[in-house]
There are 2 protein chains.
Amino acid sequence: MDDDRIADIVGQWGRERPDLDPSPLLIIGRIQQLAAVLDEALRPPFAAADLGNGDFDVLAALRREGEPYTLTAGQLSQRMLVTTGAVTKRVDRLIARGLVSRSVSAADARGRVVGLTSTGVALTDRLIEEHLANEAAILRGLTDSDRRTLERLLAAMNRTLTSGDFGPEGGDHDG
Amino acid sequence: MDDDRIADIVGQWGRERPDLDPSPLLIIGRIQQLAAVLDEALRPPFAAADLGNGDFDVLAALRREGEPYTLTAGQLSQRMLVTTGAVTKRVDRLIARGLVSRSVSAADARGRVVGLTSTGVALTDRLIEEHLANEAAILRGLTDSDRRTLERLLAAMNRTLTSGDFGPEGGDHDG
DNA sequence: GCGAGTTGTCTTCCACGGAAGACAACTTAT
DNA sequence: ATAAGTTGTCTTCCGTGGAAGACAACTCGC
């Protein structure tokens, strides 16, 4: 088994390009691999409900918003980090399943308000339980202290990344 | 700015479903978000070379393998965690760019040996330097000790995940 | 050597999401 | 009220990858 694909990769680079330091891959490569494996590991409940992971994202965003479980397409786009075009398609699929509805915003006739149907609320409430249980299971190898540390370090990475000034680009601070 | 999208999400779930523990999202959600942001942050060098991130994966896998910089399609599939169909397409694109070549394996006429051209080696050698520099920059907010801790914890998560027996599925241990 | 099963790769079809443009509806200045 | 510019969403086209099947080439037992 490729129990340590990342370590192998780092070893190979160390041999081939000893002038470089491949150690960042131990963290960044691992995160990327973990994300891929996590997606697959967490998919079964969604697959059983005939939902793409992205579609559940819509349901969850609406559900956790609280009553009346509505967001505009633009808000969904921001929350899910996808384009509005992707939102349109996700919502179209969910409407076909009867899990959400779309209507014209009362405040702005350009706006489309997406809302969970009662079926959608029920399904989401059920799926989020399974989902969080699966996530908890994945983390059960870590102590509480480990988890706090991991949270802190990942949040720190995220801060560096979203501050924008991490690389040769030179972030665009607008004052 | 949505400086802490994940924390917001956890807060929302805490309000809406106080019966559940949303804290796993602080780690797993963060990892998924980080992977997405990392992909984008690390893309520029590849985009400048007119390469998809996945295409660079092929080049890197071949380059770090060492001379003669060759792997079969199946080996590439395993190394990159994609199907052989995806390998075919990635290699097709790279052949069109003159960065790799494909030939029939001497040992097994079904096998296709993919190899870096000299142009491919040169490009990969240049890109991996930029790439690792960018990764190092992303990690510059972490101390050496932080990095070792993070490596350890991520590797631990990976072990739980790949051992298969983390969830309701019940792993398929074959012996 | 031959047939049955297996393996490695490619092909076809499909699902998903991004980019850019279309379009309607909003705002603002006049 | 109107024109010009902006904003929110949808539409179209494209690129990427997965799943399943096609196909050639391999292995093994006889």
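Each chain gets a letter, A, B and so on, in the order its sequence line appears, and its residues count up from 1.
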Practice task
Kindly state which residues belonging to residues 84-98 of chain A come within less than 4.0 angstrom of DNA chain D, counting heavy atoms of the residue only, listed by number.
Solution key: A:Thr84, A:Gly85, A:Thr88, A:Lys89

Exercise for the section: Using modelled atom types only, decide if a donor and an acceptor are shared between the side chain of B:Gln75 and the backbone of B:Thr72 within a distance under 3.5 Å. Expected result: yes

Practice task
Respond yes when some side-chain nitrogen or oxygen of B:Ser77 is under 4.0 Å from OP1 or OP2 of C:dG8, and no when none is.
Solution key: no

Problem - Whole-Å distance separating the CG atom of A:Leu51 from the P atom of C:dA15 - result: 15 Å

Practice task
Could you tell me the separation between the CG atom of B:Leu81 and the P atom of D:dA19, rounded to a whole number of Å?
Solution key: 13 Å

Exercise for the section: Please determine, for the side chain of B:Ala73, which listed nucleotide (C:dA19, D:dG18, C:dC10) has the closest atom? Expected result: C:dC10

Exercise for the section: Please lay out, stage by stage, how B:Leu127 and B:Leu123 fare under the test side chain to side chain contact (heavy atoms under 4.5 Å, CB included). Expected result: CA-CA 6 Å; B:Leu127 286 178; B:Leu123 177 63; 3.8 Å; yes

Exercise for the section: Figure out the CD/P separation between A:Glu40 and D:dA19, and round it to whole Å. Expected result: 8 Å

Handout entry: Integer-rounded Å distance: C:dG8 P and B:Leu71 CG
Key = 14 Å

Exercise for the section: Take the angle between the ring planes of B:Phe46 and B:His131 and call it parallel below 30°, perpendicular above 60°, tilted in between. Expected result: tilted

Exercise for the section: Give, ordered by number, those residues of residues 101-112 of chain B having at least one heavy-atom distance below 4.0 Å to an atom of DNA chain D; if nothing qualifies, reply none. Expected result: B:Asp108, B:Ala109, B:Arg110

Practice task
Kindly indicate, with the supporting measurements, whether the criterion salt bridge (charged side-chain N to carboxylate O under 4.0 Å, His left out) is fulfilled by A:Glu151 and B:Arg30.
Solution key: CA-CA 8 Å; A:Glu151 282 169 34; B:Arg30 182 79 74 192; over 6 Å; no

Practice task
With side chain to side chain contact (heavy atoms under 4.5 Å, CB included) as the test, would you mind laying out the steps for B:Phe56 and B:Ile128 before giving the verdict?
Solution key: CA-CA 9 Å; B:Phe56 179 72; B:Ile128 190 64; 4.1 Å; yes

Handout entry: Length of the line joining A:Asp39:CG and D:dT16:C1', which is rounded to integer Å
Key = 16 Å

Practice task
Using modelled atom types only, decide if a donor and an acceptor are shared between the side chain of B:Arg5 and the backbone of A:Arg79 within a distance under 3.5 Å.
Solution key: yes

Fill in the blank from the handout: To the nearest angstrom, the CG-C1' distance between B:Asp50 and D:dC14 comes to 15 Å

Exercise for the section: Would you indicate whether B:Glu129, at its atom CD, is surrounded by more than 12 heavy atoms from other residues, nucleotides or ligands within a distance under 6.0 Å? Expected result: yes

Practice task
Spell out, as yes or no, whether a donor-acceptor pair under 3.5 Å connects the side chain of B:Thr84 to the backbone of B:Val87.
Solution key: no

Exercise for the section: Indicate the atoms forming the closest heavy-atom contact of A:Gly14 with A:Pro22, along with that distance. Expected result: N-CG, 4.2 Å

